[in-house]
Amino acid sequence: MNNLKLLTHSDVKNTINKRAGESKFGEHIKLCSNLNSIYDELLNLDVDYVIFGISEDVGVLANHGKPGTSKAWNAVIKILLNIQANAFTKAERVAILGQLHYPAFQEKVNLLNLSRKKDIALSRQLVQDIDKDVSYLVSLIIKSGKTPIIIGGGHNNAYGNIKGTSLGLSKPINCINFDAHSDFRKEEGRHSGNGFSYAYAEGFLKKYYVFGLHENYTSQFIFDRMNKLKTIDYCTYESLDVRKDQKYKSALKHALNHVDSDPFGIEIDCDAIENIQSSALTPSGFSAEKARQFVHYFGMQPNASYLHICEAAPKKKQEVKIGKLITYLITDFIRAHDR
Ligand SMILES: N=CN[C@@H](CCC(=O)O)C(=O)O
């Protein structure tokens, strides 16, 4: 776990802004202390949720997208540690590991010319290395009996989450993805647009549902590919929020029916939420409230096996807004899953 940077007590202390009479989330969470014994520590921790960040832009760049996803974790941790610790937020049930981070990969990819075939292939090899870390770490958390909450990076990391959960449970899993894109592109080398197609092709992903796909940003090739497969289903954003063909609640139920036969992962791509800075920022998309209701609805299900919130790419100005949004989604999941 060379690329895992553990969150320390002094990091937490330096991040918390204390206020008299208040108790902050960060004062009650558990930490791990030794990179060489993560699994044993996880096993012995009396918590239900293990949160970690993935600070990388490599997957998005390898998909010809705009970088910035490496900044989401830092935006979130500053807010998360400072929310109130109370009966609603359940800080004592949470361990925060820290972040997988890739400064050397970032440097390498910045030196590449990504319009050259050879260089794009190199960037996609780096994504495979990140996949190995993510799937290993997620599998350890699942094997320790805890629920992973993974923050950040590009949507390439869905692959590692699905594979890690599947290995941890020793069976293929299902997945629900709140996303403007299917990320079911060709297996042409790993990047942020094909995490689900790779997981599916390799047998880690069994049933897949894309919730809120944008009709303008899905190719006919992908629609045809998904339409052919009974194990894959989707609803579009336009059918829900523009044409109003069905109510939000009934769309949630329909999607749950598709994935709930087995343990499933919950993937939230922030580019499905209106005006959230991301590689594929959209001026027209789901509201933050709809995203929160989605996490609440799926988080409530006993089969919900992990939560991943990705693709947010905060610049300085939106750092607090994005940190707060993702923190709401994390705590919505914890509250719902605990019921
Ligand atoms: N994970 C996102 N993938 C999308 C968006 C790409 C982008 O515009 O950055 C895709 O490949 O279609």
Side-chain angles (χ1 to χ4, degrees), residues 1-7 30-32 35-43 45 47-56 58-59 69 72-73 76 93-102 127-177 183 190 192 194-196 198-200 202-206 208 259 262-269 295 298-299 301 303-311 326 329-330 333-334 337:
M1 287 276 80
N2 284 343
N3 299 308
L4 180 62
K5 186 167 172 256
L6 292 175
L7 187 75
K30 315 273 191 326
L31 301 175
C32 283
L35 276 179
N36 300 316
S37 57
I38 292 285
Y39 178 65
D40 293 330
E41 287 195 54
L42 286 174
L43 212 51
L45 279 176
V47 298
D48 301 312
Y49 305 97
V50 178
I51 302 180
F52 72 92
I54 312 175
S55 299
E56 62 84 28
V58 185
T69 51
W73 172 252
V76 172
R93 305 309 305 156
V94 173
I96 303 187
L97 268 184
Q99 56 176 318
L100 286 170
H101 75 148
Y102 298 91
V127 179
Q128 275 187 306
D129 289 340
I130 297 173
D131 287 344
K132 284 181 197 148
D133 288 346
V134 176
S135 57
Y136 180 62
L137 193 52
V138 169
S139 75
L140 292 188
I141 298 170
I142 294 281
K143 278 186 195 149
S144 75
K146 313 315 194 243
T147 303
I149 299 178
I150 306 116
I151 304 303
H155 220 161
N156 43 297
N157 296 303
Y159 172 85
N161 298 332
I162 295 167
K163 180 174 176 180
T165 306
S166 165
L167 293 176
L169 297 173
S170 303
K171 57 180 183 180
I173 65 158
N174 299 339
C175 199
I176 175 90
N177 182 20
D183 292 345
R190 288 283 296 113
S192 67
N194 59 20
F196 298 91
Y198 267 94
Y200 188 82
E202 294 177 11
F204 300 114
L205 175 61
K206 194 158 81 177
Y208 178 39
V259 295
D262 281 293
F264 64 85
I266 304 174
E267 294 279 338
I268 305 292
D269 188 320
V295 168
F298 285 96
Q301 313 304 325
N303 270 330
S305 302
Y306 76 79
L307 171 70
H308 179 212
I309 305 165
C310 64
E311 291 275 333
I326 295 179
L329 296 171
I330 294 171
F333 178 75
I334 292 173
H337 205 53

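Remember, predicted model here, so these are calculated numbers, not experimental data.
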Going from CD1 on I54 to CD1 on I151, what distance comes out if it is rounded to the nearest 0.5 angstrom?
-> 9.0 Å
For F196 and A158, work out which heavy atoms get closest and say how close.
-> CZ-CB, 3.5 Å
Just jot down the ring-ring contact (aromatic ring centres under 6.0 Å, His included) partners of F333, sequence neighbours excluded, or say none.
-> H337
Listed once per pair and sorted, the side-chain hydrogen bond (donor to acceptor under 3.5 Å, both in side chains) pairs that draw on residues 159-170, sequence neighbours left out = Y159-E202, N161-E267, N161-H308
Output all residues satisfying salt bridge (Lys or Arg N to Asp or Glu O under 4.0 Å) with K132, sequence neighbours left out; order by chain, then residue number.
-> D129
Go through the structure and list residues passing ring-ring contact (aromatic ring centres under 6.0 Å, His included) with F298, not counting sequence neighbours.
-> F294
Rounded to the nearest 0.5 angstrom, the CG-NZ distance for D262 and K171 is 5.0 Å
Quick check: does any side chain N or O of S305 sit under 3.5 Å from a backbone N or O of N303, one acting as donor and the other as acceptor?
-> yes
What is the minimum heavy-atom distance between E41 and C32, and which atoms define it?
-> OE1-CA, 3.2 Å
So does Y39 have more than 12 non-hydrogen atoms from other groups sitting under 6.0 Å from OH?
-> yes
Does T69 use its side chain to pair, donor to acceptor, with the backbone of E56 at less than 3.5 Å?
-> yes
Evaluate the side-chain contact (heavy atoms from CB on, under 4.5 Å) criterion for residues L31 and L6: first the C-alpha distance (whole Å), next the side-chain angles of each, then the deciding distance (0.1 Å), finally the verdict.
-> CA-CA 8 Å; L31 301 175; L6 292 175; over 6 Å; no
Output, in order, the C-alpha distance, side-chain angles, deciding distance and verdict of side-chain contact (heavy atoms from CB on, under 4.5 Å) for I330 and V76.
-> CA-CA 10 Å; I330 294 171; V76 172; 4.0 Å; yes
Roughly how far, to the nearest 0.5 Å, is OH of Y102 from CG of N3?
-> 4.5 Å
Given side-chain contact (heavy atoms from CB on, under 4.5 Å), test V134 with L100 step by step and report yes or no.
-> CA-CA 8 Å; V134 176; L100 286 170; 3.9 Å; yes
With sequence neighbours excluded, residues passing side chain to side chain donor-acceptor pair (under 3.5 Å) with K146 = none
Which is it for I268 and L307 under the side-chain contact (heavy atoms from CB on, under 4.5 Å) test, yes or no, and what are the steps along the way?
-> CA-CA 8 Å; I268 305 292; L307 171 70; 4.0 Å; yes
Report the residues that fulfil side chain to side chain donor-acceptor pair (under 3.5 Å) with D40, sequence neighbours left out, ordered by chain and then residue number.
-> none
Side-chain contact test, heavy atoms from C-beta onward, threshold under 4.5 Å: evaluate it for L7 versus L97 and give yes or no.
-> no
Is the backbone of G154 close enough, under 3.5 Å, to the side chain of N157 for a donor and an acceptor to pair up by distance?
-> yes
With sequence neighbours left out, the residues meeting ring-ring contact (aromatic ring centres under 6.0 Å, His included) with Y200 are F184
Note, I141 side chain near F52 side chain (heavy atom, < 4.5 Å) | yes
Apply side chain to side chain donor-acceptor pair (under 3.5 Å) to D131 and list each qualifying residue two or more places apart in sequence or on a separate chain.
-> R190
Least distance between heavy atoms, I162 atom then C175 atom | CD1-SG, 4.2 Å
Heavy-atom pair of closest approach, residues G59 and V127 | CA-CG2, 3.7 Å
Closest contact, heavy atoms only, P263 versus L169 | CB-CD1, 3.7 Å
Mind checking whether P148 and V50 have side chains closer than 4.5 Å, heavy atoms only?
-> no
For K30, the side chain to side chain contact (heavy atoms under 4.5 Å, CB included) test, sequence neighbours excluded, returns L45, V47, E92, A95
Are the side chain of Q99 and the backbone N or O of K5 linked by a donor-acceptor pair below 3.5 Å?
-> no
Test side chain to side chain contact (heavy atoms under 4.5 Å, CB included) applied to Y306 and I149, I173, I266, the passing residue = I173
Compare all side-chain heavy atoms of W73 with those of I51 and state whether any distance is below 4.5 angstrom.
-> yes
Taking all heavy atoms of C310 and all of G152, pick out the closest pair and write down the distance.
-> CB-O, 4.1 Å
Distance, nearest 0.5 Å, that separates CD1 of I326 from CD1 of I309 | 6.0 Å
Could I get the full list of side chain to side chain donor-acceptor pair (under 3.5 Å) partners for Y198, not counting sequence neighbours?
-> none
Set of ring-ring contact (aromatic ring centres under 6.0 Å, His included) partners for Y49, sequence neighbours left out = none
When rounded to the nearest 0.5 angstrom, what is the spacing between CG in L4 and CG in D133?
-> 8.5 Å
